[in-house]
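Written below as structure tokens is the structure these notes are about.
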Amino acid sequence: MLRRILLGTGIALMSLLTTAPSIFAQIPQEDPYLWLEDVMGDKAIAWVKEQNAKTQRLLEAQPMFAPIRDKILEVVNSRERIPAVTQRGEFLYNFWQDQNNIRGVWRRTTMAEYKKSQLQSETKWETILDLDQLAKDEKENWVWKGSTCLYPQYDRCMLNLSRGGADAQVTREFDVPSKSFVKDGFEIKEAKGGASWIDRDTLFVQTDFGPGSMTQSGYARIVKEWKRGTPIESASTVFEGKESDISVSAFVTEQKGYATRQFVRRGVTFYTSETFLREGSKLIKLDVQDDASPAYAWDLLFIRLKSTWAVGGKTYPQGALIAMNFEKFMKGERDFEILFAPTDRKSLAGWTLTKNILILTELDNVKNQLVELKRDGATWTRRNISLPGLGTVSASAIDADISDEYWLTLTDYLTPSTLYWAKAGTDTREKLKSLPAFFDSAPFKVEQFQATSKDGEKIPYFVIMRKDAKLDSTNPTLLYGYGGFEISQLPAYSGAMGNGWLVQGGVYVVANIRGGGEFGPRWHQAGLKANRQKVYDDFIAVAEDLVAKKISSPRHLAISGGSNGGLLVGAVMVQRPDLFRAVVCSVPLLDMKRYNKLLAGASWVAEYGNPDDPNEWEFISKYSPYQNVKPSVKAGVKMPKVLFVTSTRDDRVHPGHARKMMARMLEQGHEVYYYENIEGGHAGSTNNAQVAYRSALQYTFLLKELQ
């Protein structure tokens, strides 16, 4: 099985929830709501419970709340959801939650059984670990965070378990055949760290090794090699980064028929890194751009470029995917093949390798297409894959050790997601599973428009609305955006959104604003640091276009976003309170003066800038919501009504952002609502009942305000 690791930003984090004293020591005392940053402080929790109770009483009393909650719970608990699987040896593994498995079960089946019926409920599964039973036995609120299994037997796995949904996790060795944790096996204490297998008796470990072992961002800065039967304190150091780095990690790439290699990655900033090949005791740095994403697979080095690269007498464009023989590269040759070259409105969304074929997922004006590339000696042949429909497409190899088979998934806003088994090199495919139609999509349509931003850039956006909707400016409309970290917003089917919003008479809009990855690295980089205002200008332009088209009006227009998207809607509502009626602001960043001092915030300086640098605070200060929101009397404009949603156990984006903004807006006399799940992590929820409840609160709030 090919284990290809793109050197991106998905890294485990170390918990800082217990570092309140050192954090508070750095705080300028002019902020009257600093005490709300004390995550589990008695005073702060009492305040949270008081705000929760007010919001819950009001929204639970609305007649639409219970029906929406119950319908969404039915959707997320449906036994006919598509179980996402990972093939390991002869089995397909899946983690599953429903009304009978609240925390969930880790289970497996065979390919033959999985393909036998399109109904998931008719598939026979073997339970490997019941998380509800484990939580009961160990008296812990365990939340599943994934597994890393030993190649190629897959009989031993390192399981990641979180208390209450936080990013911090406990990692424990598990024996699959006996379905039990290994007595005296590898175990890593709770931290935002991780581990990967070197061999049966050896791990790469990056975790909290004690004082000074973590970066300022709260990630591990030391990688060690840990031998079975020895204390973790005696593990030998492989690599040590700097405290100013984001993180370090190490991993092994393995595929049948090709060399096994070990790599170490040093994350210097969120978007720059160094990669080292480990050979014995030596670490050899790969000579690539610091913002590129290298990956070793087959016998090739693949590099995804975020900047134009002039090397070896050639120039390779920003956003390209290039490749060459790994051994030749390490010997100093620089003659790459360009496997994908972007255009102004075309980017690479992803790629996967089967045994013999590279499959590219391309994004053309926010619409997917698949392309196969097959290597024949020194040349590559290209073939467009014929797809059974339009919409968002994803492809992932099933087992690159043995076949060219891959999973093909299609979805859009109105078409239930469908999973196919497919074979590269042909258009042969078999429909395996499809989501039920959780709502009647026949009355609705999807259209794509574009708005013109302040600087003239064209910003695409999707509108999902009834076919017979009148363009009379009265449609309750929810505009969603994210605009950061090169994350694309692509069409996807949501039974929760369909039932909670569309069938209630709402219009749903998704904006493909700058800061995202819809048009590759340039689209993302156009909204970095000093250019952040462009992201907010884009979002405002889409809102104004909706008003100009009479799809909606400020009286009937709401916006929502989470995490970086919470910052987006927070900034926009402060800048243009006249344009919106209501705002749902989820797990947000809002105090941009202090974001880099709270939890994982320091890791995002490459995205937003450093507020401790006076030159960078100059532009951050102009949009930071917490510093710019003003009393309505003083501002002369009434603010939209706001619902803040966050989680106490979010150890990525500090709940203090939402808490302090709520407190400040209450003080200023604005009409604001608040709900903080006492557990849930950055996702906001740990089980399906919490998902349904939180979603129902949000849709009820929006319907109450917009209709």
Side-chain angles (χ1 to χ4, degrees), residues 15-21 23-24 31-62 65-66 68-69 73 102-103 135 139-141 143 162-168 562-563 566 570 583-591 598-599 626 629 641-702 704:
S15 176
L16 299 179
L17 292 176
T18 59
T19 62
I23 286 177
F24 293 146
D31 186 342
Y33 299 113
L34 297 176
W35 57 275
L36 287 170
E37 292 182 7
D38 186 3
V39 176
M40 297 302 297
D42 291 342
K43 183 180 178 182
I45 290 296
W47 180 90
V48 166
K49 290 180 178 179
E50 179 184 2
Q51 304 308 321
N52 279 358
K54 293 176 182 177
T55 296
Q56 291 173 282
R57 278 197 303 269
L58 175 68
L59 296 181
E60 286 180 10
Q62 302 302 312
F65 173 80
I68 290 176
R69 178 200 59 201
L73 185 59
I102 306 302
R103 289 180 173 85
K139 296 180 174 56
E140 291 280 7
N141 184 18
V143 174
S162 159
R163 291 182 173 93
D167 283 345
S563 191
V583 180
V584 174
C585 186
S586 302
V587 290
L589 290 89
L590 293 168
D591 181 357
L598 300 174
L599 299 178
Y626 188 60
V629 66
K641 297 179 182 179
V642 187
L643 170 63
F644 293 104
V645 180
T646 190
S647 166
T648 309
R649 288 291 291 166
D650 186 349
D651 52 356
R652 191 180 311 171
V653 175
H654 199 292
H657 285 279
R659 292 177 179 181
K660 295 198 303 178
M661 189 72 169
M662 174 71 178
R664 175 156 288 179
M665 292 187 72
L666 279 175
E667 173 203 339
Q668 293 174 345
H670 302 298
E671 191 168 350
V672 283
Y673 304 89
Y674 189 86
Y675 176 69
E676 179 175 321
N677 191 1
I678 304 300
E679 59 182 36
H682 190 54
S685 306
T686 63
N687 58 56
N688 291 345
Q690 291 179 7
V691 170
Y693 182 85
R694 175 176 50 81
S695 298
L697 283 180
Q698 294 174 187
Y699 288 126
T700 299
F701 165 73
L702 292 168
K704 173 180 175 294

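Predicted model only: the values in this text are computed from it and were never measured.
Under the 3.5 Å distance criterion, the side-chain polar atoms of D650 are left unmatched by any main-chain donor or acceptor of P655. Checked by atom type and distance alone, the side chain of T55 pairs as donor or acceptor with a backbone atom of Y674 at under 3.5 Å. Here the side chain of Q62 pairs no donor or acceptor atom with the backbone of K704 at under 3.5 angstrom. Distance alone, capped at 3.5 Å, is enough to place a donor-acceptor pair between the D651 side chain and the D167 backbone.
To the nearest 0.5 Å, the span separating CZ on R694 from OH on Y699 amounts to 9.5 Å. Atom CE of M40 sits about 4.5 Å away from atom CD1 of I45, to the nearest 0.5 Å. With rounding to the nearest 0.5 angstrom, the OH atom of Y33 is 13.0 Å from the CG atom of D591. Rounding to the nearest 0.5 Å gives a distance of 5.0 Å between NE2 of H654 and CG of L599. For the atom pair CZ (R652) and OG (S647), the distance works out to 11.0 Å, reported to the nearest 0.5 Å. Rounded to the nearest 0.5 Å, atoms CZ (R659) and CG (L590) are 13.5 Å apart.
Residues K641 and F701 meet the side-chain proximity criterion, which asks for heavy atoms closer than 4.5 Å.
N677 and R649 share no donor-acceptor pair across their side chains, judged by distance under 3.5 Å alone.
Taking each heavy atom of P588 and H657 in turn, the nearest pair found is O-CB, 3.1 Å. Taking each heavy atom of E140 and R163 in turn, the nearest pair found is OE1-NE, 2.9 Å.
For the pair R664 and Y626, the cation sits on the ring face: its NZ or CZ lies under 6.0 Å from the ring centre, inside 45° of the axis.
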Start with the C-alpha gap between Y693 and F65, add the side-chain angles, then the distance that decides, and say whether ring-ring contact (aromatic ring centres under 6.0 Å, His included) holds.
CA-CA 9 Å; Y693 182 85; F65 173 80; 5.6 Å; yes

